[in-house]
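Each remark here refers to the structure printed beneath this line.
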Amino acid sequence: ERESDNVYTYTFSGWGKEVGTCKGEETYKATYSQVYVEYEVKFVDWNGEEITSKKYCYGELITIPINPTRESDNVYTYEFNGWDKPITEVTGLTVYTATFIQKPMQYTIQWLNWDDSILTSTTVNYGATPVYPNENPTKPSDVQYSYIFDKWEPEITEVTENTTYKALYNNITNVYTVTWKNCDNTII
């Protein structure tokens, strides 16, 4: 019996020459047939799902599959970052796992004034609380009222999707002083 090595398994195939009637001292050498040892090499996705699997012989170069992708969710986008270990020639059973860099998902926040005009737009990461980047917006006074910024509608909360906020104002009644004068400009 001949033990297998990393490259071959061996099967006894005979004695090298036909064993016949013994006519004296004879030497017989065992011969073996060799079969390549095959090793499975797997590439799996981040969640353990198999991408490819192939058997290779010891020392063969590995065929690398195309880079996998990972779908975004509400929280993150994912960028392929290579395999979990260097890819080398085959030396045994090997599993390579795809790795990804996660980047926070970003959402657009639109800030509208009282007349639905766009004041500005900002981009905010998932879970962050948006902040209006400028001084409070204004609304011009009219004959009856002056306006002071009050708050944003809806109430500002952590970002989970694209959102629009609208400026709301408190109105203050304008007060006018009326002065009555005589024709000589004296106050009545």
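This is a predicted model, so every value here is computed, not measured.
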Donor-acceptor contact below 3.5 Å, side chain T94 vs main chain G92
yes
Modelled atom types, side-chain donor and acceptor of S121 and T108, under 3.5 Å:
no
So I87 and F43, do their side chains get closer than 4.5 Å, heavy atoms only?
yes
Taking the side chain as every heavy atom from C-beta outward, state whether Y96 and K85 have any atom pair closer than 4.5 Å.
yes
Hey, do the aromatic rings of Y56 and Y39 have their centres closer than 6.0 Å?
no
Evaluation steps, side-chain hydrogen bond (donor to acceptor under 3.5 Å, both in side chains), between S117 and N113
CA-CA 5 Å; S117 62; N113 210 347; 4.7 Å; no
Between the CD atom in Q110 and the CG atom in D116, the distance rounded to the nearest 0.5 Å is 10.0 Å
Value for OG (S146) from CG (N170), rounded to nearest 0.5 Å, stands at 12.0 Å
So do T52 and E50 actually touch side chain to side chain, heavy atoms under 4.5 Å?
no
Could you go step by step and tell me if D84 and T99 meet the side-chain hydrogen bond (donor to acceptor under 3.5 Å, both in side chains) rule?
CA-CA 6 Å; D84 65 333; T99 63; over 6 Å; no
Between Q144 and D142, is any side-chain donor less than 3.5 angstrom from a side-chain acceptor?
no
Nearest atoms (heavy-atom pairs only) where S13 meets S33:
OG-N, 3.7 Å
Are Y32 and W15 connected in the hydrophobic side-chain network, where two residues link if heavy atoms are under 4.5 Å apart?
yes
Y36 ring center near Y58 ring center (under 6.0 Å):
no
Verify same cluster id: L112, I109 (apolar side-chain graph, 4.5 Å)
no
Value rounded to 0.5 Å, distance of NZ in K42 from OG1 in T97
10.5 Å
Worked verdict on Y107 versus N162 for side-chain contact (heavy atoms from CB on, under 4.5 Å)
CA-CA 5 Å; Y107 292 95; N162 294 333; 3.5 Å; yes
Could you tabulate the donor-acceptor pairs under 3.5 Å formed by side-chain atoms of residues 73-82, not counting sequence neighbours?
residue, atom, partner, partner atom, Å
D73, OD1, V75, N, 2.9
D73, OD1, Y76, N, 2.6
D73, OD2, Y78, OH, 2.9
T77, OG1, K103, O, 3.4
E79, OE1, K103, NZ, 2.7

Going by heavy atoms in the side chains, are I64 and W83 under 4.5 Å from each other?
yes
Output for pair (T179 OG1, I187 CD1), nearest 0.5 Å, gives 5.5 Å
Any side chain to side chain donor-acceptor pair (under 3.5 Å) pairs touching residues 124-136, not counting sequence neighbours?
Q106-N125
Can you tell me how far apart CD (E60) and NZ (K55) are? Round to the nearest 0.5 Å.
13.0 Å
The reported gap from CD in E153 to CG in L168 (rounded to nearest 0.5 angstrom) is 4.5 Å
Do W114 and F149 sit in one hydrophobic cluster, given that two such residues count as connected whenever their side-chain heavy atoms are within less than 4.5 Å of each other, even indirectly?
yes
With heavy-atom distances below 4.5 Å as the criterion, would you say the side chains of P68 and W46 are in contact?
no
Can you tell if the side chain of Y10 reaches within under 4.5 Å of the side chain of T31, non-hydrogen atoms only?
no
Is there side-chain contact between W111 and P130, with at least one heavy-atom pair below 4.5 Å?
yes
Has I101 got more than 12 heavy atoms of other residues, nucleotides or ligands less than 6.0 Å from its CD1?
yes
Counting C-beta onward and ignoring hydrogens, is there a side-chain heavy-atom pair between I156 and Y165 closer than 4.5 Å?
yes
Using the ring of each side chain (for Trp, its six-membered ring), is Y147 parallel, tilted or perpendicular to Y145, with breaks at 30° and 60°?
tilted
